[in-house]
There are 2 protein chains.
Amino acid sequence: MDSDVQRHAASDKGEADDHSRPAKPELDLNQFLPYRLNSLADRISQALSRIYDQRFAINVAEWRVLAWLSHRDVLTAKQICEFTRMDKARVSRAVQSLEERELISRTQSTSDQRVHYLHLTLAGEELLGKLIPEAHAWETELVSTLTAGEYRDLLNTMSKLERQLERLESQR
Amino acid sequence: MDSDVQRHAASDKGEADDHSRPAKPELDLNQFLPYRLNSLADRISQALSRIYDQRFAINVAEWRVLAWLSHRDVLTAKQICEFTRMDKARVSRAVQSLEERELISRTQSTSDQRVHYLHLTLAGEELLGKLIPEAHAWETELVSTLTAGEYRDLLNTMSKLERQLERLESQR
DNA sequence: TAATTATAGTTTTATTTGAAACTAAAATCT
DNA sequence: AGATTTTAGTTTCAAATAAAACTATAATTA
């Protein structure tokens, strides 16, 4: 394959047989999981966000808020931060814009004046009624070349990586 | 084949008998590949970029440029754009900053005054000499819970998705 | 109960980024 | 050859974002 890529150490640099100098390090980004994962995710995200954006004028943050609300009915901004792992400022802005467009509404908690319960409005549900099937259809097309087993394994492997990430992050 | 993947579109909600109100759409983001992939990639990228950033004051764009140069010795900015799929402005800035720090150097092509050949300086190689092993070690830890087969399958599946993405993108 | 600390959410500030405009050089066309 | 278009790379501009400061409430503690 990419056999000859390996070669070309620190070769022609002149200091010739210098012992102290470290061998030329090399990294094939295409074999490097973080890079591969990131660029794949990026491409997918961009392709999909074209749907959100062009057809519904929704950005990714807004889409995530809506999607979680479709799933959980009532949530606070804090919870959305946790679930989506988005920054609270980003969530705050998404919520604000969705409320302005009356796709969601907020009701202040009586027991704690700081928290606001978020829920979809009818308009929000209607929008999701169109958007979700489209998103699903797109995903289906994307994964249409995978077998059911491959798809399942992919999600499983991703879960494993997530758990390991959890461990690594808690260590530091 | 990809049987059960198909399902759960706008399926069970049956616009059936109820005429006026649309059935409540629902999406479980945790089962939605684009979301899962994106948040996993994001977390990995962030964790890893802490290494680049804290220990070497390198951002992700710069890291990618360096990594490709470790791999290919001499590249133009254009090529780096293609390989990394990064915006040319972003590449331009990364190159600029790396050159200022003398981690890479540029030599103008004699045959075409517009292009500049980029290559690592000795300092750049030295930095990579430390950074690459660390990045590799981190990746190894990350995937340490996967079997060799799982890891291979993951990369394969990702390649499939990339190819499909290519197809989908060329269609539109 | 008063003072301190923590929490939910917003706003401000600075940075990052992509898109578009731009520059200079090359390639193509007439 | 001169005019037009393309290309490589940079700079400018506007939008998105994260981090930090901030506001208002609630919880803790002394």
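Letters A, B, ... are given to chains in the order of the sequence lines, protein chains preceding strands, and every chain is numbered from 1.
For residues 139-153 of chain B, the set of pairs meeting the salt bridge (Lys or Arg N to Asp or Glu O under 4.0 Å) definition, not counting sequence neighbours, comprises A:K160-B:E150. The stretch residues 31-41 of chain A participates, sequence neighbours left out, in these salt bridge (Lys or Arg N to Asp or Glu O under 4.0 Å) pairs: A:R36-B:E162. The list of salt bridge (Lys or Arg N to Asp or Glu O under 4.0 Å) pairs with a residue in residues 96-107 of chain B, not counting sequence neighbours, reads B:E99-B:R106. Sorted by first then second residue, the ring pair (Phe, Tyr, Trp, His ring centres under 6.0 Å) pairs that include residues 79-126 of chain B, not counting sequence neighbours, are B:W68-B:F83.
A:N59 has its CG atom 6 Å from the P atom of D:dT17, to the nearest Å. A:M86 places its CE atom 17 Å from the C1' atom of D:dA19, with the value rounded to the nearest Å. Straight-line distance from the CG atom of A:D42 to the P atom of D:dT17: 12 Å, rounded to whole Å. When rounded to the nearest whole Å, the span between CD of A:Q108 and P of D:dA24 equals 13 Å. To the nearest angstrom, P of D:dT25 lies 7 Å from CD of A:Q113. Here D:dT7 presents its C1' atom at 12 Å from CD of B:E82, a figure rounded to the nearest Å. Here D:dA16 presents its P atom at 19 Å from CH2 of A:W63, a figure rounded to the nearest Å. Between the CG atom of A:D112 and the P atom of D:dT25 there is a distance of 10 Å, rounded to whole Å.
Shown here are the side chain to side chain donor-acceptor pair (under 3.5 Å) partners of A:N38, two or more places apart in sequence or in another chain: B:S45. Take B:D112 and apply the salt bridge (charged side-chain N to carboxylate O under 4.0 Å, His left out) test, not counting sequence neighbours, and it matches B:R114. For the salt bridge (charged side-chain N to carboxylate O under 4.0 Å, His left out) test, no residue two or more places apart in sequence or in another chain qualifies with B:R163. Residues satisfying the ring-ring contact (aromatic ring centres under 6.0 Å, His included) criterion with B:F56, sequence neighbours excluded, are absent altogether.
Mapping B:Q79 and A:A61 onto DNA chain D via the closest heavy atom, the residue that lands nearer the 5' end is B:Q79. Place A:V115 and A:Q46 on DNA chain C by their nearest nucleotides, and A:V115 ends up nearer the 5' end.
Put simply, B:R106 has no side-chain N or O that comes within less than 4.0 Å of OP1 or OP2 on D:dA8.
Stem analysis of DNA chain D (Watson-Crick or G-U pairs, both distances under 3.5 Å, runs of at least three) returns C:1-30 with D:1-30.
With a heavy-atom cut-off of 4.0 Å to chain A, the contacted part of DNA chain C has its first and last nucleotide at C:dA6 to C:dT12.
For B:T121 (side chain) and B:L103 (main-chain N/O), a donor-acceptor pair under 3.5 Å exists by modelled atom type. With A:S70 contributing its side chain and B:L27 its backbone, the two residues share a donor-acceptor pair below 3.5 Å.
At a non-hydrogen distance threshold of 4.0 Å, A:K88, A:A89, A:S92, A:R93, A:Q96 from residues 88-98 of chain A come into contact with DNA chain C.
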Which donor-acceptor pairs under 3.5 Å do the side chains of residues 86-98 of chain A make with protein atoms, sequence neighbours left out?
from	atom 1	to	atom 2	distance (Å)
A:D87	OD2	A:A89	N	2.8
A:S97	OG	A:E62	OE2	2.6

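In summary, the side chains of A:Q46 and A:R43 do not present any donor paired with an acceptor at a separation below 3.5 Å, with no hydrogens or angles considered.
Contacts of B:S109 with the nucleic acid, taken as non-hydrogen atoms under 4.0 Å apart, are absent.
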